[in-house]
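Scroll down for the structure; my scribbles are underneath it.
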Amino acid sequence: MKTIIDNYIRKEMFPNIWCPGCGNGIVLGAIIRAIDELKWDKNEIVAVSGIGCSSRITGYVDFCTMNTTHGRALPFATGIKMAKPDLKVIVVMGDGDCSAIGGNHFIHAARRNIDLTAIIINNMIYGMTGGQYSPLTPTGKFGSTAPYGNIDQTFDLAELATAAGASYVARGTVYNARQSSSLIKKALDKKGFSVVEIISDCPISYGKMNKMKSPVDMLKWIKDITVSKKVWEALSEEEKEGKLVTGEFVNIDRMDYSEKYKGIIKKAQEMGGNKQ
Amino acid sequence: MKERLEICLSGSGGQGLILAGIILAEAAGIYDGKEAVQSQSYGPEARGGASRSEVVISNNTIDYPKVMKTDILLALTQTACDKYVKNLNEDGILLADSTIVTEVPNISNKTYLFPITETAQKKFGTKLVTNIISLGIIVGLTKVVSQEAIQKAVCSRVPVKAKEVNEKALLLGFNIAKDLRTKK
Amino acid sequence: MNNQKNIKLLQGNEACVEGALLSGVKFFAGYPITPSSEIAEGMAKKLPKIGGKFIQMEDEIASMAAVIGASMAGLKSLTATSGPGMCLKQENLGFAIINEIPCVVVNAQRGGPSTGLPTKPSQGDMMQARWGTHGDHPIIALAPSTVNEILTLTIKAFNFSEKYRTPVILLLDEVIAHMREKVEIPAPEDIEVINRKKPTVPPEEYLPFKPDEDGVPPMANFGEGYRYHITGLVHNYKGLPTSDSQEIDAFIRRLHNKIEKSIKDIIIIERYLLDDAKIALIAYGSVARAAERTVKLAREEGLKVGLLKLLTIWPFCSEEVNKLAQQVDLIIVPEMNLGQMVLEVERASRGKCRVVPYGRVDGELINPIEILGKIREEIKK
Amino acid sequence: MKQKKLFEVYQNNSVKISVRREWCKSCGICIEFCPKDVLVPDDQGKPIPENIDACIKCGLCELRCPDFAITVGGVEEKDE
């Protein structure tokens, strides 16, 4: 017996280290299925991650993989993509990784429109370090460093990416794994900076502190708090409170960074001078 | 000429002293075939702060790259003059811009005063060539580098558009030097 | 044209650019900072002319990351900064060390701590170069003292980095970074350029962190058919995280040993009038040039003073210093800090002679006269 | 060398469901969200397709399994 997944993973690394019911594995499956549909050559794929539970993803896939430092996956990936623009570079980040320590890199990667796909697994908490609140922890929810409830306002990652200039922006959930996989597929296929945020569950850190005892409870909660774009548009401002909209938000064609840099090379060489 | 000559071009940021230093070092090092080092000391501000460009010229390999005791000092501001004249060699040469430097301490027979900035403005309609006129005067007075070398260096370091005016400014400097020498 | 020498008046930072280009650099990522910005400017201008890539990143952390990424994808990569930026690069520098990713990092030293003295020189980062990133790790750091040496040591830095699969720090200071001197730019055919060892086995047999006899594993670039994992976690031969204490121990020791066993190749020093010396100066960078003049001045007074000039500062030339300590009565260590290299000299001397620091931290280059004064003062003691 | 069988295979005439018990962490997601209640937990909480005849091959169990421990269909392969 063999599944599609088996063609893309490093089997010796399984079972994975994630907690029972952790959404990271669901997202990993969604990514692999998207790649399989695109029929990409494994030798041309580079997966880059930062630090955190979700960043362990790179250890599990049989591509060229790089598990880098906390928050810095995007600049590492930028270097790889600049060096070899033909490589297909996927960046997987957690919510803290991407929006806190790596927040600056995130907006600048979007601004440059470098041809990377950023997949953010948003479980709204720092899972690996024990449930501290992140910039994406909903206001009022609890974390080990928010024992009286979180007073911070959260980022809307999709709007942030949109404002910063990403070419493709979408949001899915681990509950709607099939939709997430197709959003990821479109993002991977998109030239330019593409972003897919996947709302995910952390039953151990987030769930326990916020009265959701099991992975099943968490998935039900995710189902409850997310709505499609169509439904969202019909909601009043009050009804929108505490809800997250899913679907595709941006899908535009804009010249990516490597393509623009080709123009620089052409210009520099035409100007001649010190060729060395 | 001494084995090692130390030149200090001082004034404030924006007067083109660093470029003047580079041109002098290039004249000595590349076109006269000597050894030369140019360095600078400047503050954080791009314009207006105290600025000092140093050039060491020698027939041999240069070890210490900075000025130890100044042989030739150009002072384009009063502050620079006050500050750096203290480090001038006993037989060192001082060239000060008399438009700006009004108080010159210890005037000797090696002190030269000339309204360089004013002349630049009058003759060329711009203060920008003050540095090149100054170089012309220094070379004319001291022969620290050959006239051919400094001409080549000026041409190689200024923008093509500004070549002609800078060449003229340099020649003017040479002539000013001649006058200054005859006056002494 | 070949027999005609290509001599130019170059700024130190410009010479670094020329050296990097001669070494085959194809990628630069950086962030503006005084006094190193001219390196970024030179790279921005010249790299695209040869089909290379330049990128100005959002910060120093990102610059270091991008350089490592580009090197993994096969390009020789460079970044340049100064003290505050160097602080920010440290974490990713450690990542390059543990993953044995070649790259060159220039630190044009300025006064510190913090913003310190942006336009003035210092040698305050010598210990940071050695111990800046956390963990027990080796490092190679080179310190030129002339503009010409900046060019030649930049080439060396790339070569060491490729040969030993390690980041190499090129430690400049504001004086030499900004100073202009005559430089003879060698013809490409006249310089030795070393490139990283590639695997000779097929991808299915490749173990990315299994060393050859020299302690250095062959390196496959991303996108060449060798799929493997890179991680900042301590890893096994396959590149996968390990918690096996034997594997961990062997790995960390190998990182050190690959540098240690090649110390003869890596350490570059110059001895100046040391053969009959009774007093030795040990210096590097722009201070070494002051010290050289001091030696001449002292010799004129009949004092038997010599200079040991270090071009490689890490690994430290302990053996050479130990031998010197047995020969001379006194070693003076002039440096633009309040005692960093002198600690290494004391350690290496093992009490065989008197070791005296001479520090200056006012943002000005130490001058030969003051070192001579220090010698006179110490002789009287 | 005798290889350990990775999957436990359950099948009827129209569908085959395989469970990789060693990778399953008993999270219960596949069981809870199966639209046809095909799966029931065993004593360790791992899924057994007891009502396999009700399976409509929607594949949601497979898509939502974080551990790649359950598959509907799959490719036959000799060496494992």
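Letters A, B, ... mirror the listed sequences (proteins, then strands); counts begin at 1.
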remark   = Heavy atoms of A:T3 and D:R20 approach each other most closely as OG1-NH2, 4.4 Å

ask   = Which atom names give the shortest non-hydrogen contact between A:R178 and D:C58, and what distance separates them?
value = NH2-O, 2.6 Å

Assess whether atom [atom1] of [X] is packed by more than 12 heavy atoms of other residues, nucleotides or ligands within 6.0 Å.
X	atom1	answer
A:F155	CZ	no
A:K208	NZ	no
A:K42	NZ	yes

Counting a contact as any heavy-atom pair under 4.5 Å apart, which residues of [range] contact chain D?
range	answer
residues 17-26 of chain A	A:I17, A:W18, A:C19, A:P20, A:G21, A:C22, A:G25, A:I26
residues 43-67 of chain A	none
residues 212-222 of chain A	A:P215, A:V216, A:L219, A:K220

inquiry  = For residues 31-54 of chain D, give me every residue with a non-hydrogen atom less than 4.5 Å from any non-hydrogen atom of chain A.
reply    = D:E32, D:F33

Within the structure provided, determine whether [X] and [Y] are in side-chain contact (heavy-atom separation under 4.5 Å).
X	Y	answer
A:R33	D:E62	yes
A:N16	D:F68	no
A:Y175	D:I29	no

task = Sort A:L28 into side chain, backbone, both or neither according to what part of it lies under 4.5 angstrom from a heavy atom of chain D.
result = both

query = Going from CG on D:L60 to CG on A:N176, what distance comes out if it is rounded to the nearest 0.5 angstrom?
reply = 9.0 Å

